[in-house]
Amino acid sequence: MKIIFLALLLAVADCITETGGTSQRLVCYLNVQATNRTGDGAFSLENIDPYLCTHLIYAFTSDIALNSTSFGPTQIAYDKLLAPRVKNPKLKIMASIKSEDLKWDSSKGIENKVNKTVDYLKKYRLDGLDIYWNMSSGNYPIVNFFTAMRNAFDRHNLIFSLAVFTETNNDVMYFMDFVDTVDFISVLAYDLWRSTQAFWEANHPAPLYSNSSDGRTIDSLILYWLEHDTPAAKLNLGIPLYGSSWTILADGKTEPPASATWGPLNKHVNQIGQTPYYDICSSVKSSGWKVFEEKSNSTGPYAVSPADPSGSRVWVGYDDVHMVTVKSQYVRYVRGLGGATVWDLSQDDCRNVCGKGSYQLTAAISRTLGIPRPKSSSSASDSKQSSLSNVIFLIFTSGLLSCR
Ligand SMILES: *[C@@H]1O[C@H](CO)[C@@H](O)[C@H](O)[C@H]1NC(C)=O
Ligand SMILES: *[C@@H]1O[C@H](CO)[C@@H](O)[C@H](O)[C@H]1NC(C)=O
Ligand SMILES: *[C@@H]1O[C@H](CO)[C@@H](O)[C@H](O)[C@H]1NC(C)=O
Ligand SMILES: *[C@@H]1O[C@H](CO)[C@@H](O)[C@H](O)[C@H]1NC(C)=O
Ligand SMILES: *[C@@H]1O[C@H](CO)[C@@H](O)[C@H](O)[C@H]1NC(C)=O
Ligand SMILES: *[C@@H]1O[C@H](CO)[C@@H](O)[C@H](O)[C@H]1NC(C)=O
């Protein structure tokens with residue numbers, strides 16, 4: 001009897017490692033400027049759920065901050081930033097720097113720059129550095145720099161990652177030679193609807209499959225990387241925790257693509273045409289916004305506000321719980337990618353203002369990717385409590401389905 005049980009346990013353990021071979025990362029950016037928001041948008045570092053993500057990346061620091069005792073423009077002390085790792089020692093905490101802050105002009109100082117970076121990361125007990133890449137190809141000393149970073153980071157057991165914008169495939173091409181030097185690449189597959197028409201037509205900002213008028217979809221971007229020999233396990237799919245908004249003038253149709261002008265300024269994120277998810281779900285819940293679901297699993301829904309006195313309405317396209325779940329299933333099962341990356345935690349419903357659980361979207365991604373969560377740390381979104389036998393049964397049956 002004991003032997004059978006042991007064998008079962010071993011089989012289960014085997015299956016866990018086997019099924020866990022892909023989609024093991026959930027990289028969560030936190031825009032630290034969110035800590036300066038007030039009112040409905042207020043965000044406190046104490047709100048961070050330490051078990052939701054595998055990597056927490058604070059954005060952004062600049063190279064001045066590489067010699068500073070506090071982080072970024074918000075001047076947060078490192079002890080506060082590292083607190084989630086005290087609760088969950090497996091959580092990796094990284095800093096992100098924008099590529100434009102790397103100051104490429106001083107190309108002769110690569111070794112010095114790398115040393116300073118390593119010193120900074122060690123001094124403040126960070127686990128690694130992410131570069132938020134938004135630069136077209138050019139004459140930057142990237143190969144040397146990335147290789148030097150990799151060598152130094154390996155010596156110090158640090159993580160080095162890249163987040164890439166997808167505006168032109170040439171940029172992507174430019175990176176193909178550097179894949180070996182990074183631990184993972186977050187493909188920021190959102191804001192796809194960015195051509196000049198974007199100012200005049202409301203449309204889904206991050207479609208998985210359907211046509212985004214200029215022909216780009218998330219799947220085509222991911223396939224592009226895979227077809228250029230990027231290992232799937234290195235890729236993370238970027239998922240937005242915000243919607244893109246437009247203004248539809250009086251009597252305009254709302255079905256996308258819809259004639260529109262650029263959306264309103266959101267006072268929390270201080271961006272035109274960007275609406276955090278918590279603002280969308282609370283507008284739907286309490287301000288009479290109407291949601292239009294898409295029947296296919298290609299794009300998320302859009303929501304439309306009631307008309308203002310001039311007759312114009314706000315239109316916002318976004319990913320809801322269903323769509324982020326479909327995207328996470330795509331990551332895990334369709335393309336077998338390394339994981340997902342969200343921008344950014346502060347725009348999720350982190351304070352449960354919509355009553356569907358805190359961090360609704362990120363929690364759905366975390367569950368779908370199978371990010372482990374200790375039993376004792378149930379979140380508001382863990383509505384289905386499983387008994388141990390249910391868990392074993394579940395692992396066992398999923399093992400039968402997916403283990404050799
Ligand atoms: C770091 O800053 C200190 C004082 O703020 C300065 O003395 C030191 O030279 C700086 N180090 C580097 C490498 O820039
Ligand atoms: C955020 O708030 C801190 C403290 O109130 C202040 O020092 C800092 O300048 C603010 N940063 C930004 C970017 O507004
Ligand atoms: C960088 O660090 C390495 C190893 O600690 C050292 O050998 C090298 O001299 C340093 N380079 C600079 C420019 O400080
Ligand atoms: C990327 O850089 C360009 C030009 O430097 C800037 O206009 C654009 O806003 C940046 N995009 C993002 C998402 O940071
Ligand atoms: C997508 O849209 C573009 C531009 O409107 C068009 O040229 C292309 O044929 C469309 N592709 C598909 C698969 O519908
Ligand atoms: C959409 O996705 C859900 C969840 O993965 C799945 O149950 C459903 O069958 C899908 N629908 C279509 C039309 O593919």
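Counting convention: from 1, in listed order, for ligands and their atoms alike.
- Protein heavy atoms are absent from the 4.0 Å sphere centred on atom 7 (O) of ligand 6.
- Taking the six-membered ring where tryptophan is involved, the planes of Trp262 and Trp246 are perpendicular, since the angle between them exceeds 60° and thus also 30°.
- For ligand 6, the atoms lying closer than 4.0 Å to a non-hydrogen atom of His322 are 2 (O), 3 (C).
- For atom 5 (O) of ligand 6, the closest heavy atom belonging to the protein is Gln329 OE1, 2.5 Å.
- Residue Asn297 has at least one nitrogen or oxygen atom sitting less than 3.5 Å from a nitrogen or oxygen atom of ligand 6, judged on distance alone.
- Residue Val326 has at least one heavy-atom neighbour below 4.0 Å for each of these atoms of ligand 6: 2 (O).
- For the residue pair Thr368/Ser328, the side-chain donor-acceptor check at 3.5 Å is not satisfied.
- A donor atom on one side chain and an acceptor atom on the other are not found under 3.5 Å apart for Tyr359 and Asn47.
- Ring planes of Phe60 and Trp343: parallel class, angle under 30° (limits at 30 and 60°).
- A donor atom on one side chain and an acceptor atom on the other are found under 3.5 Å apart for Gln347 and Asp344.
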